[in-house]
Amino acid sequence: MLDIKYIRQEPDAAKERLAARGEEGSRIDELLALDEQRRALVTEAETLQATRNAVSKEIGALMGQGKKEEAEAKKTETRELGNKVDSLNAQRAEADGAFNDLILSLPNLAHESVPVGDESANAEVKVEGKKPTFDFNPKGHLDLCDSLKLIDFERGAKLAGSGFLLYTGWGARLERAMIQFLLDLHIHEHGYTEVSPPFIVKAECMEGVGQFPKFLDQAYAVQEGLDGETLGKRYLIPTAEAPVANLHRDEILNEEELPKKYCAYSPCFRAEAGAAGVATRGMIRVHQFDKVELIKVVKPETGYDELEAMLANAEKVLQLLGLHYRVLLLSSGDMGFAAAKTYDIEVWAPGQGSYLEVSSVSNTEDFQARRMKTRFKAEQGGNQLPHILNGSGVALARLFVSLIETHQQADGSIAIPEPLQPYLRTDCIPA
RNA sequence: GGAGGGGUGGCAGAGUGGUCGAAUGCGGCGGUCUUGAAAACCGCUGUACCGCGAGGUACCGGGGGUUCGAAUCCCUCCCCCUCCGCCA
C-alpha cells in the first residue's frame with residue numbers, strides 16, 4: 001500500500017512514478033479526492049461525537065443526582081445528535097471503503113535505480129559462467145526425465161491433471177536432496193532462520209503481500225468438505241512469501257530484533273489461469289512446484305544493502321551447482337505488484353536453449369509492511385515501517401531442468417555437482 | 001462432530017451500563033538515595049486517525065445491534081483451553 005502522506009505532499013511525482021508502473025496517473029487524482037472527502041467526514045463526525053459524549057456524561061451526572069426530568073430532556077436532545085452521527089459514520093465508512101479499495105489496487109512505486117519502461121527496458125546486470133558446450137548431442141529435460149525415469153508426466157497428469165508432476169526414483173530423490181541442500185546453505189552459510197509454514201493461508205495474508213486483490217484469479221481457493229460457505233476464506237499458497245512475510249502482521253517489533261531473516265521450504269500452487277503453455281509434459285510452467293524462499297524484515301536505511309546481499313545468497317546456489325546464469329534488473333513495467341526493485345536470476349538450460357527464471361529477489365520497501373501493519377519501535381522517531389524483502393532461493397522445478405540438462409553426460413547419465421553429492425549419496429545418476 | 005469454559009494494555013489479572021483508555025501486581029524507562037550495585041521511594045510507560053494548534057475521535061478477539069451512553073447487555077463470526085468421539 002502506498003503512503004497517502006507522500007501522495008498528498010508530492011502528487012505530481014506520485015503520478016509520474018505510477019505511470020512508470022503502467023497505471024493511469026489520474027488514479028492519484030481520484031485517490032486524493034476520496035481522501036479529502038473521507039477526511040472532511042471524519043472531522044465532522046468526530047466533532048459531533050465529542051458533543052454527544054459530553055452531553056451523555058452530563059446525563060450520567062444528572063441521573064446520579066436523581067434529577068430525572070432534566071436527564072430526560074437531555075436525552076431527547078442527544079438522541080437526535082446520535083442519529084446524525086450514525087448517518088455521518090455510514091457515509092464515512094463508505095468513503096473509507098472506496099479509498100481503501102483504490103489504494104490497495106495500486107502497485108508499489110519503483111526505486112529511482114529502476115529503469116523506466118516495459119519488458120524491453122530490463123537490464124542485464126551480470127552474467128556468471130559460460131554456456132556449457134557438449135561433444136555430443138545434448139538432450140532436453142523431457143528426454144532425460146524419460147530415459148532416467150526421473151518424472152512420470154503421464155501419471156502425474158492422470159493423478160491431478162496437466163501441470164502436475166510425479167517425481168519417481170532418482171527424480172524424487174534429487175528433488176528432495178536439492179531442497180535439503182538449499183535450506184542448509186541458507187541456514188548455515190547465510191544466517192537465515194528456518195521456518196516451516198502452513199501451506200494454506202487466509203485471504204488477509206494474500207492481501208498483505210499484495211497477491212490480492214489483483215491476482216485472485218491465479219490462486220487455488222480451498223473449501224472445507226461440502227461447506228460452500230468456507231470457499232474463498234483460505235487459499236493454497238502461491239509462494240512461501242505469503243505466510244512468511246506475514247509472520248509479523250499486526251506486530252510492533254523491537255529495533256534490536258531487526259534484521260529478521262527467514263528461509264522456508266514450501267510447495268507453491270499456481271492456477272496459471274490464462275497463461276500459455278501449461279502442458280501435460282514439461283517442467284517449465286506447472287501448477288505445483290517446490291521452492292525455498294528467503295524473507296527479510298529490515299530497517300529502512302539498510303533495505304537496499306540487504307537486497308544486494310539476498311541476491312548474492314540466491315546466486316550462490318547456482319554457483320555451487322556449477323550453472324551458468326544471468327541477473328536482470330527488472331524495469332518499472334515488468335516488476336511484480338508489490339516490488340520497488342527486483343532482480344531476476346535466469347539460469348541457462350542447454351536443452352531448452354534458453355534462460356529460465358529461477359529466482360526473483362525484491363525489496364517491497366514499506367509497501368507490504370503498511371498493508372500488514374508490521375512496525376518496529378525505533379529509538380528515535382517512534383514506530384516505523386520496516387522494509388520487507390523476499391527472494392527465491394531458488395525455485396526447484398526449473399533448477400531441476402537446468403541441472404540435469406547442464407550436467408548430462410555422453411552416456412546419458414547425470415553428473416552430480418560436488419556440494420549436492422552428500423545429500424543424494426551419489427556422484428552420478430546412472431543411465 | 002458433541003459438551004463445557006475463556007479471549008481486557010509487554011505479561012499477569014480486576015472490572016457486569018455512566019466519573020473506565022481502563023484498578024492492582026510484574027516487567028521496562030527516568031529520577032532520588034549509594035563509592036558502585038541491590039533494596040526502598042517518586043514519576044513515566046498502548047495503537048491509529050482527524051486537527052496548524054489547543055485538542056478531539058476510535059480501539060478491552062472481529063463484525064453488527066440495543067441505549068442519551070457499552071469492556072460491561074443481545075446477535076454473529078473467529079481464536080484458545082478442558083472433557084468425550086473420530087483420526088495421521
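Keep in mind that this is a model prediction, so the values were computed, not measured. The sequence lines fix the lettering, A, B, ..., with proteins before strands; numbering per chain opens at 1.
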In terms of the nearest nucleotide of RNA chain B, which residue is placed more toward the 5' end: Arg375(A) or Gln49(A)?
-> Arg375(A)
Can you tell me how far C1' in rA71(B) sits from the matching atom in rG21(B), rounded to whole Å?
-> 10 Å
Take atom P in rU8(B) and the same atom in rA14(B), then report the distance between them in whole Å.
-> 11 Å
Quick note, Ser56(A) side chain, CB onward, closest among rG18(B), rC79(B), rG51(B) is rG18(B)
Do His186(A) and Tyr265(A) have ring centroids that are under 6.0 Å from one another?
-> no
On a whole-Å scale, what distance lies between the P atoms belonging to rG9(B) and rA23(B)?
-> 12 Å
Residue Lys377(A), side-chain atoms from C-beta onward, closest of rG69(B), rG46(B), rC50(B) = rG46(B)
Assess the pair Phe269(A) and His287(A): is the distance between their ring centroids shorter than 6.0 Å?
-> no
Would you please test Glu365(A) and Tyr304(A) for side chain to side chain donor-acceptor pair (under 3.5 Å) and show each step?
-> CA-CA 9 Å; Glu365(A) 296 189 356; Tyr304(A) 282 95; 2.5 Å; yes
Report yes if a side-chain nitrogen or oxygen of Asn53(A) is closer than 4.0 Å to either non-bridging phosphate oxygen (OP1 or OP2) of rU57(B); otherwise report no.
-> yes
Going through the distances and angles, do Asn313(A) and Tyr192(A) end up as a side chain to side chain donor-acceptor pair (under 3.5 Å)?
-> CA-CA 10 Å; Asn313(A) 295 155; Tyr192(A) 290 80; 2.7 Å; yes
Counting heavy atoms from C-beta on, name the nucleotide in rG56(B), rA58(B), rU19(B) closest to the side chain of Lys57(A).
-> rU19(B)
Mind checking the C1' distance from rC29(B) to rG10(B)? Whole angstroms is fine.
-> 13 Å
Looking only at side-chain N and O atoms, does Lys202(A) come under 4.0 Å of OP1 or OP2 in rC78(B)?
-> no
May I have the distance from Glu46(A) (atom CD) to rC50(B) (atom C1'), rounded to whole angstrom?
-> 5 Å
Look at all strands and tell whether Leu81(A) reaches a base, only sugar-phosphate, or nothing, counting heavy atoms closer than 4.0 Å.
-> nothing
Ignoring backbone atoms, establish whether Arg8(A) has a side-chain N or O less than 4.0 Å from OP1 or OP2 of rC50(B).
-> yes
5'-most contact on RNA chain B: Asn383(A) or Lys75(A), nearest heavy atom basis?
-> Asn383(A)
Taking it one step at a time, do Lys75(A) and Glu72(A) satisfy salt bridge (Lys or Arg N to Asp or Glu O under 4.0 Å)?
-> CA-CA 5 Å; Lys75(A) 276 192 196 182; Glu72(A) 285 303 323; 3.5 Å; yes
Describe the nucleic acid contact of Val55(A) in one word from base, sugar-phosphate, nothing, applying a heavy-atom distance below 4.0 Å.
-> nothing
When you measure from the side chain of Arg52(A), which nucleotide among rC50(B), rC79(B), rG69(B) comes out closest?
-> rG69(B)
Report yes or no: does Arg270(A) contribute a side-chain atom to a donor-acceptor pair with the main-chain N or O of Gln288(A) at less than 3.5 Å?
-> no
Can you tell me if the side-chain N/O atoms of Arg79(A) get under 4.0 Å from OP1 or OP2 in rC68(B)?
-> yes
Separation between the P atoms of rC26(B) and rC78(B), rounded to whole Å = 40 Å
Which whole number of Å gives the distance between the C1' atom of rA70(B) and that of rU16(B)?
-> 11 Å
Using only side-chain N and O atoms of Arg39(A), determine if any of them is under 4.0 Å from OP1 or OP2 of rG51(B).
-> yes
Looking only at rC50(B), rC68(B), rG56(B), the nucleotide nearest the Ala50(A) side chain is rG56(B)
